[in-house]
Q: 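Pasting a structure here, questions to come.
So you know, we letter chains A, B, ... as the sequences are listed, proteins then strands, and number each from 1. In this text the structure is predicted, and so the values were computed from the model without any measurement. Keep in mind that the numbers below use all heavy atoms, side chains included, and drop hydrogens, waters and symmetry copies.
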Amino acid sequence: MENVRVRIAPSPSGFLHIGTAKIALINWLFARQRAGTFVLRLEDTDPDRTEEQYVEAMCEGFSWLGIDWDEGPPFGGVPERGPYAPYRQSQRAQIHRDAAARLLASGHAYKCFCSKEELDAERARAQAGKLPWRYSGKCRALNAEQIAAKRDAAASLRFKTPQSGHTVLNDLVQGPVRWDNQQIDDFIILKSNGDPIFHLAVVVDDLTMKITHVIRGDDHLTNAAKHVLLFEALGGPMPTFAHVPMVLDETGKKYSKRMHGANVLEWREDGYLPEALINYVVLLGWTAGDDKEVYTRAELVRAFSLERLGRSAAKFDLKKLQWLNGQHIRRLSADELRDRVLPILQKAGLDSSGRDPAWLSRMAGICQEKLVTLHDIVKQTDFFFVEPAAYEEKAVQKHWKDVEAAARLETIHRALANAAAWTSDALHADFERLGEAQGGIGKVVHPLRLALTGKSVGPGLFELAELLGKDACLRRVRRAIEFIRAGCIQTVP
RNA sequence: GUCCCGUUCGUCUAGCCUGGUCUAGGACGUCGCCCUUUCACGGCGAUAACAGGGGUUCAAAUCCCCUACGGGACGCCA
């Protein structure tokens with residue numbers, strides 16, 4: 001069986017973009033499933049766009065998502081590793097130049113002495129005439145003498161594209177794609193300053209790193225024609241190509257860098273689980289063909305297949321991500337949920353340091369099924385840590401407004417004080433009975449919830465009461481009674 | 001402008017290769033009902049799509065052609 005080698009080749013010009021994450025994820029899943037190798041290669045040959053600071057941020061994005069690489073450059077504190085180092089394209093220029101020299105020697109490339117200004121003028125003329133622009137091929141016709149006469153004038157290197165026939169690519173996702181070679185320019189592979197151009201660099205790197213499957217965004221589909229030509233000219237084994245559709249934002253536009261959520265780490269900030277995000281992103285263009293939608297990371301590795309990748313771009317849908325996030329939250333154990341939620345409580349200024357871990361797990365457990373994002377934990381549990389600072393106005397109107405409100409809370413207070421046992425089951429039974437006397441359990445439950453939490457919504461009342469403890473509950477009911485009495489003085493003239 | 005790719009419910013998609021089983025399936029969303037101490041969860045139900053036009057065929061979401069729309073490439077950027 002073939003040893004699968006795939007790569008993600010981001011250019012470190014920003015944070016980890018959601019679209020890059022999708023491509024990386026697909027490569028990673030494929031590699032892991034086939035026990036292959038996942039390579040990270042930094043395409044940093046454009047110094048104008050590369051910034052060291054982004055290297056760290058991008059690494060953090062990958063590691064948060066759980067996308068680890070087997071070979072790659074020093075990146076985010078991880079040392080360089082792998083047999084085909086270096087893995088930064090900027091350090092591989094000599095390898096690219098050597099390949100270019102071979103192409104020149106084998107007649108697959110030629111020197112071009114046209115200046116940038118000449119070419120710009122040519123291009124401008126073509127565009128003005130609404131003609132497709134392609135290099136005239138002026139220097140292609142130069143003979144040995146003419147070239148010698150140029151001596152060491154600055155020259156770029158162009159690829160000698162066949163002038164007839166066609167180039168065919170059997171893309172795993174897009175199917176067979178065919179170009180007329182006359183449509184393909186004699187593109188530059190080496191700048192006149194000797195720097196390699198992207199097309200040369202990728203192909204040479206993929207070749208030397210023995211990449212078996214080139215899985216990348218479909219914005220590269222038309223570039224692939226040039227790459228196929230280069231692979232052939234270099235005499236290397238042709239990798240399998242898979243051009244996967246990109247991720248669109250909710251309006252159907254290309255996911256711009258400035259949009260919230262474009263940066264993968266923003267989802268972490270917003271309380272999303274990495275396993276939910278990767279599950280969602282992979283669903284943007286892939287299904288197993290059955291009705292399963294919620295996958296663990298391991299299940300994804302098992303079920304994924306390149307062949308079932310869709311061919312059209314997908315719009316990002318926050319609602320579905322939210323649903324999936326809830327699904328994944330519910331699949332966590334109470335302990336796991338507690339551990340993920342603790343930093344969020346901390347950040348919200350709720351001090352949980354005095355609570356023992358088991359208690360915190362139970363607290364996490366009683367609101368687990370109510371969370372859409374991890375951040376929801378704050379409004380679900382803040383009252384455990386601080387007494388309600390205010391009572392929800394609408395709930396006060398509804399549950400504490402009538403004349404018997406205070407008296408009813410006195411009754412509730414008594415019931416709590418005399419509770420047979422301080423467990424949610426026992427309390428539930430007590431209030432069931434109390435409710436019968438009061439005209440429905442709702443008559444006692446809502447005023448109590450408001451007294452204990454200050455809100456009308458939250459975790460199960462008896463569960464939270466049990467966790468809050470008897471003393472705190474009695475104190476809060478007392479406080480509520482005083483609040484009502486004080487309020488009555490104001491409202492009754 | 002030239003070339004390349006795409007187009008099934010609002011959204012993600014199944015089905016398309018190997019035409020009939022599709023009065024087009026699932027999921028999210030939305031709406032309704034049930035469960036219920038709240039909010040959720042869960043359950044049940046409803047809603048809603050084959051871009052348009054030609055052709056091939058007994059039969060087309062599925063095959064072919066054209067058009068429209070969307071995207072991409074056309075750089076000494078990646």
Q: I need the full list of salt bridge (Lys or Arg N to Asp or Glu O under 4.0 Å) pairs touching residues 316-327 of chain A, with sequence neighbours left out, sorted by first then second residue.
A: Glu293(A)-Lys320(A)
Q: With heavy atoms under 4.0 Å as the rule, sort Ser192(A) into base, sugar-phosphate or nothing.
A: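 Touches a base.
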Q: Look through every strand shown and name the nucleotide pairing with U37(B) as Watson-Crick or G-U wobble, where both distances are under 3.5 Å.
A: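 Pair assignment: U37(B) / none.
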Q: Whether Lys455(A) and Asp382(A) form a salt bridge (side-chain N of Lys/Arg under 4.0 Å from carboxylate O of Asp/Glu) is what I want to check.
A: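 Answer for the salt bridge query: yes.
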Q: On RNA chain B, nearest-nucleotide positions of Gln327(A) versus Asp291(A): which is more 5'?
A: Asp291(A)
Q: Sort out the partner of G6(B) for me: Watson-Crick or G-U wobble, both distances under 3.5 Å, none otherwise.
A: C69(B)
Q: Do NZ/NE/NH1/NH2 and the carboxylate oxygens of Glu275(A) and Arg331(A) come within less than 4.0 Å?
A: no
Q: Go through C74(B), C39(B), C76(B) for me and flag the one nearest to the Val457(A) side chain.
A: C39(B)
Q: May I have the distance from Trp323(A) (atom CH2) to U13(B) (atom C1'), rounded to whole angstrom?
A: 13 Å
Q: Please classify the nucleic acid contact of Pro459(A) as base, sugar-phosphate, or nothing, using heavy-atom distances under 4.0 Å.
A: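 Base contact.
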Q: Could you work out the separation of U67(B) and U7(B) based on their C1' atoms and round it to a whole Å?
A: 13 Å
Q: Measure from the side chain of Lys320(A), starting at C-beta and using heavy atoms only, and say which of C12(B), C76(B), U37(B) lies closest.
A: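 Comparing C12(B), C76(B), U37(B) against the side chain of Lys320(A), the answer is C12(B).
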Q: Provide the distance between the two P atoms, one in C5(B) and one in G45(B), to the nearest whole Å.
A: 43 Å
Q: Can you tell me the base-pairing partner of A27(B)? Count Watson-Crick or G-U wobble geometry only, both distances below 3.5 Å, and say none if there is no partner.
A: U11(B)
Q: Near RNA chain B, counting only heavy atoms under 4.0 Å, which residues of residues 308-317 of chain A show up?
A: Arg308(A), Arg311(A), Ser312(A), Ala314(A), Lys315(A), Asp317(A)
Q: In whole angstroms, how far is the P atom of C5(B) from the CZ atom of Phe241(A)?
A: 16 Å
Q: When all nucleic acid strands are considered with a 4.0 Å heavy-atom cut-off, which category describes Glu293(A): base, sugar-phosphate, or nothing?
A: base
Q: A cation-pi test, strictly: NZ or CZ of Lys292(A) under 6.0 Å from the centre of the six-membered ring of Tyr295(A) and no more than 45 degrees from its axis. Yes or no?
A: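 Output yes; distance and angle both within limits.
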Q: Return the residues of residues 272-284 of chain A meeting this criterion: a heavy atom under 4.0 Å from some atom of RNA chain B. Order them by number, or give none.
A: Leu283(A), Leu284(A)
Q: How many Å lie between NE2 on His328(A) and P on C41(B), as a whole number?
A: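 Nearest whole value for this atom pair: 16 Å.
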Q: Taking only the C1' atom of each, what is the distance from C34(B) to G72(B) in whole angstrom?
A: 50 Å
Q: For Arg362(A), I'd like to know if atom CZ has over 12 heavy atoms of other residues, nucleotides or ligands within 6.0 Å.
A: no
Q: Nearest to the side chain of Ser11(A), heavy atoms from C-beta on, is which of A78(B), U37(B), C4(B)?
A: A78(B)
Q: Choosing from C4(B), A78(B), A40(B), which nucleotide comes nearest the side chain of Glu369(A)?
A: A40(B)
Q: What nucleotide among G6(B), C77(B), C41(B) has an atom nearest to a side-chain atom of Arg330(A)?
A: C41(B)
Q: Checking all strands, does Leu157(A) fall into the base, sugar-phosphate, or nothing category for heavy-atom contacts under 4.0 angstrom?
A: nothing
Q: Between A78(B) atom P and Leu190(A) atom CG, what is the distance in whole Å?
A: 11 Å
Q: Give the rounded distance in Å between these two atoms: CG of Leu434(A) and C1' of U37(B).
A: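 So the CG-C1' distance, Leu434(A) to U37(B), works out to 13 Å.
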Q: When you compare the side chains of Thr208(A) and Arg92(A), does any donor N or O come within less than 3.5 Å of an acceptor on the partner?
A: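 Yes.
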Q: In whole Å, what separates the C1' atom of G6(B) from that of A51(B)?
A: 12 Å
Q: Report the residue (Val177(A) or Ser456(A)) whose heavy-atom-nearest nucleotide on RNA chain B is the more 5′ of the two.
A: Val177(A)
Q: Listed by chain and number, what are the salt bridge (Lys or Arg N to Asp or Glu O under 4.0 Å) partners of Arg408(A), not counting sequence neighbours?
A: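 Arg408(A): salt bridge (Lys or Arg N to Asp or Glu O under 4.0 Å) contacts with Asp402(A), Glu404(A).
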Q: Can you check the distance between A27(B) and C66(B), where both ends of the measurement are the C1' atom (answer in whole Å)?
A: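 The same atom, C1', in both gives a distance of 35 Å.
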Q: How long is the line joining CZ of Phe113(A) and C1' of C76(B), in whole Å?
A: 14 Å
Q: Looking for any heavy atom pair under 4.0 Å, which part of the strands does Lys253(A) touch: base, sugar-phosphate only, or nothing?
A: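 Sugar-phosphate, backbone atoms only, no base.
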Q: Sort and list the pairs that fulfil side chain to side chain donor-acceptor pair (under 3.5 Å) and have at least one residue in residues 363-376 of chain A, not counting sequence neighbours.
A: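 Residue pairs with at least one partner in residues 363-376 of chain A: Asp376(A)-Lys379(A).
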Q: Taking C50(B) as the reference, what is the distance to G10(B) when you measure between their P atoms (whole Å, please)?
A: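 G10(B) and C50(B) have their P atoms separated by 9 Å.
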Q: Between A14(B), A78(B), C77(B), spot the one nearest the side chain of Lys191(A), thanks.
A: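 Between A14(B), A78(B), C77(B), the one nearest the side chain of Lys191(A) would be C77(B).
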Q: Using the C1' atoms only, state how far C58(B) lies from C65(B), rounded to an integer number of Å.
A: 22 Å
Q: Among C76(B), U38(B), G6(B), which nucleotide has an atom closest to any side-chain atom of His446(A)?
A: U38(B)
Q: Roughly how many Å is it from CZ in Arg216(A) to P in C5(B), rounded to a whole number?
A: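 Computing the Arg216(A):CZ to C5(B):P distance gives 16 Å.
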Q: Report the C-alpha distance between Tyr280(A) and His328(A) in whole Å, list the side-chain angles of each, state the deciding distance to 0.1 Å, and finish with yes or no for ring-ring contact (aromatic ring centres under 6.0 Å, His included).
A: CA-CA 11 Å; Tyr280(A) 178 68; His328(A) 280 277; over 10 Å; no
Q: Is it true that atom CZ of Arg178(A) has more than 12 heavy atoms of other residues, nucleotides or ligands lying nearer than 6.0 Å?
A: no
Q: Whole angstroms only, please: what is the CD1-P distance between Ile23(A) and G72(B)?
A: 14 Å
Q: Can you tell me, in whole Å, how much space there is between the C1' of C76(B) and that of G71(B)?
A: 27 Å
Q: Output the single nucleotide from G26(B), C76(B), U37(B) whose closest atom is nearest the side chain of Lys116(A).
A: C76(B)
Q: Now, which nucleotide makes the Watson-Crick or G-U wobble pair with G20(B), with each of the two distances under 3.5 Å?
A: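 Partner of G20(B): C58(B).
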Q: With sequence neighbours left out, what residues match Glu463(A) under salt bridge (Lys or Arg N to Asp or Glu O under 4.0 Å)?
A: none
Q: Just name whichever nucleotide pairs with G1(B), Watson-Crick or G-U, keeping both distances under 3.5 Å, else none.
A: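 With both distances under 3.5 Å, G1(B) matches C74(B).
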Q: To the side chain of Leu221(A), which of C4(B), G6(B), G75(B) is closest?
A: C4(B)
Q: Ile188(A) has a side chain; which of G72(B), C12(B), C76(B) sits nearest to it?
A: C76(B)
